[in-house]
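Inspection log for the structure reproduced underneath, given as structure tokens.
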Amino acid sequence: VQLQASGGGLVQAGGSLRLSCVASRGRFNKWGMGWFRQAPGKERKFVAAISWSGGITYYADAVKGRFTISRDPAKNTMYLQMNSLNPEDTAVYYCAARLLVPGDSSDYERMWDYDPWGQGTQVTVSS
């Protein structure tokens, strides 16, 4: 499967953005999916994940209650709705896919379980 992320941009603090990740060349419904982000000079970190069925979602504490991950099998697309954005959310956001079924929800945070990755989309939140 190949992944293409989009939807980033510049937004003021308190605003919203919706990121999209379109999958091609593969059976989208077989893959769990996730979003990660990387701020300048920092390591890439887990943001949110969703199971292959969409029935399980998992979030980093930093975004819980503000971000919502979802997927639309008919469009081979995963989304990340981001509300109440703050400058600490500024980063390049990456989508990724995983075949491994997590033994525990926290396994969704393991970056090395994801392959392939899409290119990043920049999100900048101004104060």
Side-chain angles (χ1 to χ4, degrees):
V1 67
Q2 292 185 338
L3 305 175
Q4 178 78 31
S6 63
L10 174 64
V11 64
Q12 288 187 330
S16 299
L17 281 174
R18 188 176 78 159
L19 306 183
S20 299
C21 178
V22 179
S24 61
R25 297 186 180 181
R27 294 184 62 182
F28 177 70
N29 291 348
K30 289 174 60 70
W31 298 74
M33 305 288 291
W35 289 97
F36 291 75
R37 66 187 183 185
Q38 187 166 16
K42 296 187 177 180
E43 63 182 13
R44 193 171 298 186
K45 291 186 177 180
F46 171 77
V47 175
I50 188 166
S51 63
W52 66 269
S53 67
I56 298 172
T57 57
Y58 186 71
Y59 297 91
D61 288 342
V63 307
K64 203 171 293 183
R66 301 188 298 122
F67 291 11
T68 303
I69 190 171
S70 62
R71 63 192 298 165
D72 184 347
K75 297 182 179 180
N76 279 2
T77 302
M78 174 182 65
Y79 303 99
L80 185 68
Q81 177 66 44
M82 306 186 294
N83 299 328
S84 301
L85 285 162
N86 59 62
E88 289 69 40
D89 296 314
T90 295
V92 177
Y93 284 70
Y94 298 89
C95 62
R98 57 178 291 146
L99 275 178
L100 289 174
V101 177
D104 183 83
S105 293
S106 63
D107 290 352
Y108 280 116
E109 300 181 27
R110 302 194 313 196
M111 195 163 54
W112 54 88
D113 283 351
Y114 290 81
D115 181 42
W117 290 75
Q119 93 296 352
T121 185
Q122 176 71 47
V123 172
T124 303
V125 184
S126 63
S127 57

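- When all heavy atoms of N83 and S16 are compared, the closest pair comes out as OD1-OG, 2.9 Å.
- R71 places no side-chain N or O within donor-acceptor distance of the main-chain N or O of G32, the cut-off being under 3.5 Å.
- With D89 contributing its side chain and L85 its backbone, the two residues share no donor-acceptor pair below 3.5 Å.
- Heavy-atom minimum distance, V11 versus G15: CG2-CA, 3.8 Å.
- Summarising the geometry, atom NZ belonging to K45 is positioned 10.5 Å from atom CD belonging to Q38; distances are rounded to the nearest 0.5 Å.
- In the hydrophobic cluster analysis, where Ile, Leu, Val, Met, Phe, Trp and Tyr join through side-chain heavy atoms closer than 4.5 angstrom, Y79 is grouped apart from I69.
- Between M33 and the options T77, L80, L3, a side-chain contact (heavy atoms from CB on, under 4.5 Å) holds for only L3.
- Closest non-hydrogen pair, A13 versus S127, comes out as CB-CA, 4.3 Å.
- The nearest pair of heavy atoms linking V1 to A23 is CG2-CB, 3.5 Å.
- Taking CG of L100 as the reference point, atom CZ of R110 lies at 7.5 Å (rounded to 0.5 Å).
- F36 belongs to a hydrophobic cluster whose remaining members, ordered by chain and number, are F46, I56, Y58, V92, Y94, Y108, M111, Y114, W117; membership requires side-chain heavy atoms of ILVMFWY residues under 4.5 Å apart, directly or through intermediates.
- If you check the side chains of Q122 and T124, you find a donor sitting under 3.5 Å from an acceptor.
- At least one side-chain heavy atom of P116 sits less than 4.5 Å from a side-chain heavy atom of W31.
- By the 6.0 Å contact criterion, NZ on K30 is open, its count of non-hydrogen atoms from other residues, nucleotides or ligands being 12 or less.
- With hydrogens and angles ignored, the 3.5 Å screen pairs a side-chain donor or acceptor of T90 with a backbone N or O of V125.
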(message) Test side chain to side chain contact (heavy atoms under 4.5 Å, CB included) on V63 and R37; report intermediate values, then the result.
(response) CA-CA 11 Å; V63 307; R37 66 187 183 185; 3.9 Å; yes
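- Distance CZ/R66 to CE/M82: 9.5 Å, rounded to 0.5 Å.
- The closest side-chain heavy-atom distance from L99 to W52 is not below 4.5 Å.
- Separation of atoms CG (L19) and CZ (F67) is listed at 8.0 Å; rounding is to 0.5 Å.
- Here Q81 contributes atom CD and L17 contributes atom CG; the two are 8.5 Å apart, rounded to the nearest 0.5 Å.
- Taking CG of N76 as the reference point, atom CD of Q2 lies at 12.5 Å (rounded to 0.5 Å).
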(request) Give the C-alpha distance, both sets of side-chain angles, the deciding distance and a yes or no for side chain to side chain contact (heavy atoms under 4.5 Å, CB included) between M78 and W35. (result) CA-CA 9 Å; M78 174 182 65; W35 289 97; 3.3 Å; yes
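- When all heavy atoms of A5 and C95 are compared, the closest pair comes out as CB-SG, 3.9 Å.
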